[in-house]
Structures are given as structure tokens and as C-alpha cells.
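Residue numbers run from 1 in the order of the sequence given. No experiment lies behind these values; they were computed from the predicted model shown.
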Amino acid sequence: MSIVKINVLSVPAEQREVLEKRFASRAGSVEGSDGFEWFELLRPLEGTDQYLVYTRWRDEESFQAWMEGPMKAAHQGGQAGQGGGAGHGGEGERPKPAATGSTLWSFEVVQQASPK
């Protein structure tokens, strides 16, 4: 069965809109990847500042291939979808990260169900 990767991002309240816009402008960067099955960006409603970035993959190898290829390329030289700063001048022009921390959780799907 599939594997799930959940990236837990600590996002201060004043950076929530920035984070959501960056994900909205990522232009399907993961959807065409071999082995990719699902993506969701989950906004916290109460009690935490942590967003969850949920992705599901056919297997660990598919996830690692995406991490080493398209994801790595998208994050070199600045945040994808930000325009302007990436590749233009020094580090000072790079957009500030919206998240203050990140933790990656990994899970194996052992049971699943869908609506009938």
C-alpha cells in the first residue's frame, strides 16, 4: 500500500496568508510526479500554529525521487512562485520563509476506505 508524508510547518499568524499563496502558486509542481497520489494543505483552526502538508505516494522510492529532483530544483534559489528575487542578485533578495520550523512525519497506509 501507499506511504504518507506529512510536513508539519510552524507558521506565525502573520505569515499564514503568505504560506497559502505560495502553495497556491506552486503550479502543480508535484501532481505530475511519478508515484504521486494525493496532496492537501491543512490549515489549523484552533490551538496550534502548525499547518500540515499531506502527500500520499505509491512508495518511498517515488517520494525520494521527487525530493531529489523536482522539489530540490524548486527550492534552490528561493521559494517557487515568488518571482523576482530568485536568481536576481544576492541572498538578500530571497523571499523570507513563511514557516519558522518544519518536521517531516512518515507513515505507511495499512488500511483505507472510501465512500460507497
Evaluate the side chain to side chain contact (heavy atoms under 4.5 Å, CB included) criterion for residues T103 and W105: first the C-alpha distance (whole Å), next the side-chain angles of each, then the deciding distance (0.1 Å), finally the verdict.
CA-CA 7 Å; T103 302; W105 295 343; 3.7 Å; yes
Sequence-distant partners of T100, side chain to side chain donor-acceptor pair (under 3.5 Å), two or more places apart
none
Residue pair V8 / L52, side-chain heavy-atom distance below 4.5 Å:
yes
For E20, check side chain to side chain contact (heavy atoms under 4.5 Å, CB included) against everything at least two apart and list the hits.
L41, R43, Y51
Return each pair, listed once, that meets side-chain hydrogen bond (donor to acceptor under 3.5 Å, both in side chains) where at least one residue sits in residues 107-116; pairs must be two or more places apart or across chains.
none
I'd like to check the side chain to side chain contact (heavy atoms under 4.5 Å, CB included) partners of Y54; sequence neighbours left out, ordered by chain and number.
V4, I6, W38, E40, R56
If the condition is side chain to side chain donor-acceptor pair (under 3.5 Å), which residues does D49 pass it with, not counting sequence neighbours?
none
By side chain to side chain donor-acceptor pair (under 3.5 Å), which residues pair with S106, not counting sequence neighbours?
K5
Does any part of the side chain of T55, heavy atoms only, come nearer than 4.5 Å to the side chain of W66, both counted from C-beta?
no
Can you name the residues that form a ring-ring contact (aromatic ring centres under 6.0 Å, His included) with F63, not counting sequence neighbours?
W57
Excluding sequence neighbours, so at least two apart, what forms side chain to side chain contact (heavy atoms under 4.5 Å, CB included) with R58?
D34, E37, S62
Partners passing salt bridge (charged side-chain N to carboxylate O under 4.0 Å, His left out) against E17 (at least two apart in sequence or in another chain)
K21
